[in-house]
Amino acid sequence: MQTLIKNGIVVDTEPQPVVIGRADVRIEDGRIAEVGPGLAAADGTEVIDASGHIVMPGFVDTHRHTWQAAIRATMGDVTFGGYLERVLGRLAPAFRPEDVHAGNLAGALECLDAGVTTLLDWSHIQLTPEHTDAAVAALRASGIRAVLGYCHGGQLSDLARETRRVHDAHFSSPGLVSMVMAAFGPEIAPEEHALAELEIARELGLPVTAHLGGHSPDSATRGLAFLESRGFLTPGTTFVHANHYSDEQLKVIAGAGGGVSVSPVDEMTLGIGYPVTGRAQAAGMPVSFSADTVTCAPGDMFSLMRTAYTLERGRPDGAGTGFTTRDALRMATIDGARVAGLADVTGSLRPGKQADLVLLGTDSLGLAAAYDPIAAIVLNADTSAVDTVLVGGRVVKRDGRLVGQDVPAALDAVAAAARRVTAALA
């Protein structure tokens, strides 16, 4: 099957964001086959007219607690301690498997609606095997490209067995949804728990994503030493909220092949620390963005890029003025794919990659007459510009509306889950 996206303003992101200009994108069997001007449509080709649109790779979010779409805006004006107490201490235990399914489905559809085509679902709502199965089922039902970050929520004695079950039951063969280990340790969980997580991840060949460096400089130093001394500072490890590492420690992480996931909005509003965006980039590692949680942050990449860009350019030491809109767009796309372990799959328009694409309409007063499309994406665009979205060559949003989904039913389900779960706050 062939699809031809015609006559768009094409923006690629690898190795660096660049405006190709007026061009076409040919898709064959779900993959990008060719990018260039004047491509001809063979018989039977579906043609998508991209006139008046920017054509670009889909966004990649590398750390989102997707189930929390069912408790949106419950944590405004709180600190990180308040978030832990209310979300993990009071709200999470109230979730049934069906509530997890409703939150994950609505959260994943929210991503697609906003042009996020790849999502790492950092899922720490695994209260029972049924909760896990519901989370995976919702990701698959949404049609998004997803990585389940499995974070075991039960007894330590069950961790290895249940992680193997999830891996074998849901991820024994390649598909649109894959798996990594979302580890509590070594800064949050006891050492014994952290070792068990890392050992089963190594056994199953799973990359690790963990909240590392977001608590204090002392905690960051202890956690990094733990990984180094036990041989777990390995390529592909994602450091979430890595704000408290020194520049030298960031270079150590970069040298080991690690990457970071920056949540610029809630890192500032929850008091986690000043985002590490520019310092991590200077250390030589891939830097990515994440919404983290819609309990206290926006769920779209436009807001995240703009916040990260503004905070970096406005660093008190003046060191961030060299940070560019191209840096922000790269982090939201190809660098996000690198951090998620999917750089050979998505994140750019390289031929052979999966056709995960977004068409942004420019026919609005907020985007009209934009001189630089990349600056416009980062500084001017918002979710209203997301006209068409493809995942693996399949159209999941067309003419501003999600397709192939019963969106009213998804909204009803997440609203019902929200009413029930948030009763715990009364």
Side-chain angles (χ1 to χ4, degrees), residues 1-61 111-112 114-119 140 142-147 173-178 286 301 326 329-330 332-362 373-374 377 385-400 402-404:
M1 177 180 176
Q2 288 195 10
T3 302
L4 187 63
I5 300 175
K6 288 287 295 180
N7 204 37
I9 303 166
V10 177
V11 172
D12 197 9
T13 54
E14 189 179 6
Q16 296 291 338
V18 61
V19 180
I20 294 175
R22 190 76 60 184
D24 311 326
V25 179
R26 187 192 309 282
I27 301 167
E28 295 180 357
D29 298 324
R31 296 181 179 272
I32 297 168
E34 188 177 4
V35 178
L39 301 182
D43 291 344
T45 298
E46 177 188 8
V47 177
I48 298 176
D49 184 6
S51 301
H53 292 75
I54 296 169
V55 181
M56 59 170 287
F59 296 121
V60 180
D61 184 320
C111 287
L112 290 175
V116 176
T117 55
T118 299
L119 165 68
R140 289 214 164 98
S142 74
I144 200 168
R145 188 176 307 283
V147 181
S173 58
L176 201 61
V177 184
S178 55
M301 191 60 69
R326 280 156 173 75
L329 184 60
R330 187 189 67 251
T333 53
I334 184 59
D335 272 4
R338 291 186 178 109
V339 171
L342 296 172
D344 59 342
V345 175
T346 190
S348 74
L349 302 185
R350 289 287 179 90
K353 288 194 177 186
Q354 293 286 320
D356 298 348
L357 305 176
V358 174
L359 276 63
L360 303 178
T362 63
I374 292 174
I377 293 168
V386 181
D387 178 86
T388 300
V389 180
L390 295 85
V391 177
R394 184 174 68 88
V395 176
V396 296
K397 184 177 185 180
R398 189 191 300 271
D399 297 329
L402 292 173
V403 298

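Computed from heavy atoms alone, side chains included, the values below leave out hydrogens, waters and symmetry copies.
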Exercise for the section: Begin from the C-alpha positions of K353 and D344 and carry the test salt bridge (Lys or Arg N to Asp or Glu O under 4.0 Å) through to its verdict. Expected result: CA-CA 7 Å; K353 288 194 177 186; D344 59 342; over 6 Å; no
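- The structure places NE2 of H53 at 11.5 Å from CG of N7, a figure rounded to the nearest 0.5 Å.
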Exercise for the section: Apply the test side-chain contact (heavy atoms from CB on, under 4.5 Å) to residues R145 and T117: give CA-CA distance (whole Å), side-chain angles for both, the deciding distance (0.1 Å), then the verdict. Expected result: CA-CA 6 Å; R145 188 176 307 283; T117 55; 5.8 Å; no
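- Counting only heavy atoms from C-beta outward, the side chains of T13 and L329 approach each other to under 4.5 Å.
- The side-chain heavy atoms of V391 and L112, taken from C-beta on, include a pair separated by under 4.5 Å.
- Side-chain contact between V18 and V11 is absent, with no heavy atoms from C-beta onward closer than 4.5 Å.
- With contacts defined as side-chain heavy-atom distances shorter than 4.5 Å, the pair V358/L390 does not qualify.
- Residues I48 and L359 meet the side-chain proximity criterion, which asks for heavy atoms closer than 4.5 Å.
- Contact check on K6 versus E46 returns no salt bridge, with no Lys/Arg side-chain nitrogen under 4.0 Å from an Asp/Glu carboxylate oxygen.
- No side-chain heavy atom of I5 sits under 4.5 Å from any side-chain heavy atom of D24.
- No side-chain donor from either of R326 and Q16 sits under 3.5 Å from a side-chain acceptor of the other.
- Only one option out of V116, L119, D335, T118 pairs with V60 in a side chain to side chain contact (heavy atoms under 4.5 Å, CB included); it is T118.
- For D356 (side chain) and T346 (main-chain N/O), no donor-acceptor pair under 3.5 Å exists by modelled atom type.
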